[in-house]
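Please read the structure below before turning to the comments.
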Amino acid sequence: MITREQIDTVLDHPVHDARGDKIGDARHVFFDDVTGEPEWVSVRTGLFGTSESFVPIHDAALVEDHLEVPYAKDQVKDAPNVDIDAGGHLSEQEEQRLYQYYGIDWDASWQDPHSGTGRATDTTGTTAAGDEAMTRSEEEMHVGVERREAGRARLRKYVVTEEQQYTVPVRHEEVRVEREPITDANRDRAMTGPDITEAEHDVTLYEEQPVVETRAVPKERVRLTTEEVTEEETVTGEVRKERIETEGTDEHGDQRRRH
């Protein structure tokens with residue numbers, strides 16, 4: 001059970017769940033109007049603390065510099081949103097919704113004088129009964145960046161076939177008939193053999209033909225690399241501020257008199 005004297009230690013400090021995981025930071029503490037005991041704590045959750053969830057503080061414990069509550073982180077973050085009136089009160093209907101969500105017996109709480117049975121009031125910043133000061137708070141917007149996957153790129157190699165033409169010289173042999181007259185120089189060779197007879201003489205002809213041969217030759221190497229590019233983006237958000245008004249006094253704090 002958290003006492004009123006421990007509220008300063010709770011506010012703006014981390015709140016952990018039953019497993020020790022951080023849920024967020026304590027924002028406000030609500031006290032029961034009947035018993036005056038701390039009953040609820042609101043926890044800033046979500047990205048940059050933009051959401052606020054209510055969690056019972058009755059069974060919470062102060063451990064070193066943080067508050068531990070006997071509820072899971074997801075359960076607290078998914079708690080129903082409740083409305084708080086201008087006086088910083090939780091209505092009985094809103095409290096009943098929270099009791100039902102956390103599985104707390106509403107009827108039993110009404111019968112237990114030490115449990116929250118009336119409206120809960122936000123008295124954050126008031127740790128002593130005699131302290132009549134009011135704390136004014138406002139939200140601050142904190143903008144950061146988160147790294148996420150934006151796409152994927154890959155190298156894929158595939159084969160294409162294209163037709164190429166080359167002109168190469170080729171040679172071939174052709175038959176040419178040469179006639180040589182009989183002279184004293186060749187007469188002896190011409191007169192060898194029979195005088196008149198039939199004969200044949202073959203000549204083998206040769207030609208060149210183009211031959212195509214392909215070989216794989218490395219041409220280049222390709223790889224993927226990444227580089228970071230910095231751009232500027234403008235984000236817009238809403239923050240809430242508390243204002244304090246006085247009733248029955250003028251702007252200097254003096255009591256107004258009727259004439």
Side-chain angles (χ1 to χ4, degrees), residues 8-30 40-57 59-84 88 90 94 97-103 122 124-125 135-164 214-243:
D8 283 342
T9 310
V10 172
L11 295 178
D12 296 322
H13 281 71
V15 178
H16 292 197
D17 66 2
R19 298 176 54 183
D21 296 331
K22 181 180 177 181
I23 303 173
D25 294 325
R27 183 74 174 87
H28 298 280
V29 173
F30 288 76
W40 301 95
V41 60
S42 64
V43 184
R44 285 184 296 231
T45 61
L47 185 62
F48 310 128
T50 54
S51 300
E52 199 165 342
S53 302
F54 280 77
V55 60
I57 201 174
D59 295 325
L62 191 61
V63 180
E64 295 180 353
D65 62 342
H66 66 271
L67 184 69
E68 283 192 4
V69 295
Y71 302 99
K73 178 179 180 179
D74 292 340
Q75 183 180 10
V76 175
K77 294 178 67 174
D78 294 338
N81 295 325
V82 297
D83 295 327
I84 303 174
L90 284 175
E94 297 290 14
R97 288 178 57 203
L98 291 172
Y99 273 118
Q100 291 176 347
Y101 177 77
Y102 284 104
D122 177 11
T124 299
T135 300
R136 185 186 67 83
S137 303
E138 62 183 51
E139 295 178 339
E140 295 181 353
M141 186 169 67
H142 299 272
V143 180
V145 296
E146 63 177 3
R147 187 179 181 89
R148 61 183 179 85
E149 186 174 306
R152 298 183 65 84
R154 67 164 53 92
L155 285 177
R156 184 170 64 89
K157 184 172 68 173
Y158 59 95
V159 178
V160 297
T161 302
E162 60 181 19
E163 186 176 285
Q164 295 183 349
T214 60
R215 289 177 295 174
V217 180
K219 295 295 185 182
E220 65 177 352
R221 292 179 60 81
V222 181
R223 65 171 54 89
L224 287 177
T225 60
T226 61
E227 61 179 3
E228 289 190 354
V229 178
T230 302
E231 299 177 345
E232 291 188 355
E233 292 189 5
T234 302
V235 296
T236 303
E238 294 182 351
V239 295
R240 298 177 299 171
K241 298 182 179 181
E242 296 177 343
R243 294 289 185 261

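Predicted model, so just to flag it, every value in this text is computed and none were measured.
For Y102, the ring-ring contact (aromatic ring centres under 6.0 Å, His included) partners two or more places apart in sequence, or in a different chain, are Y71. With sequence neighbours left out, R240 forms a side-chain hydrogen bond (donor to acceptor under 3.5 Å, both in side chains) with E139. Looking at residues two or more places apart in sequence or on another chain, you find a side-chain hydrogen bond (donor to acceptor under 3.5 Å, both in side chains) between E138 and R136.
In this structure, H16 and E68 have side chains that are in contact, with non-hydrogen atoms separated by less than 4.5 Å. H142 has its side chain out of reach of V239: every pair of non-hydrogen atoms, C-beta onward, lies at least 4.5 Å apart. Proximity of I23 to V69: side-chain heavy atoms (C-beta onward) are separated by under 4.5 Å at one or more points. Under the 4.5 Å side-chain criterion, counting only non-hydrogen atoms from C-beta, D12 is not in contact with D25. V76 places none of its side-chain heavy atoms less than 4.5 Å from the side chain of D17.
With rounding to the nearest 0.5 Å, the separation of CZ in R223 from CZ in R221 is 6.0 Å. Atoms CZ and CG, from R152 and L224 in turn, are 11.0 Å apart once rounded to the nearest 0.5 Å. Atom CZ of R27 and atom OG1 of T45 lie 12.5 Å apart (nearest 0.5 Å). Between atom NE2 of residue H13 and atom CG of residue L67 there is a gap of 11.0 Å, rounded to the nearest 0.5 Å.
F54 has its ring centre less than 6.0 Å from the ring centre of F30.
The environment of N81 atom CG is sparse: at most 12 non-hydrogen atoms of other residues, nucleotides or ligands sit within 6.0 angstrom.
Counting only distance, with no hydrogens or angles, the side chain of S42 and the backbone of E52 share no donor-acceptor pair below 3.5 Å. In this structure, S53 contributes its side chain and A79 its backbone to no donor-acceptor pair below 3.5 Å.
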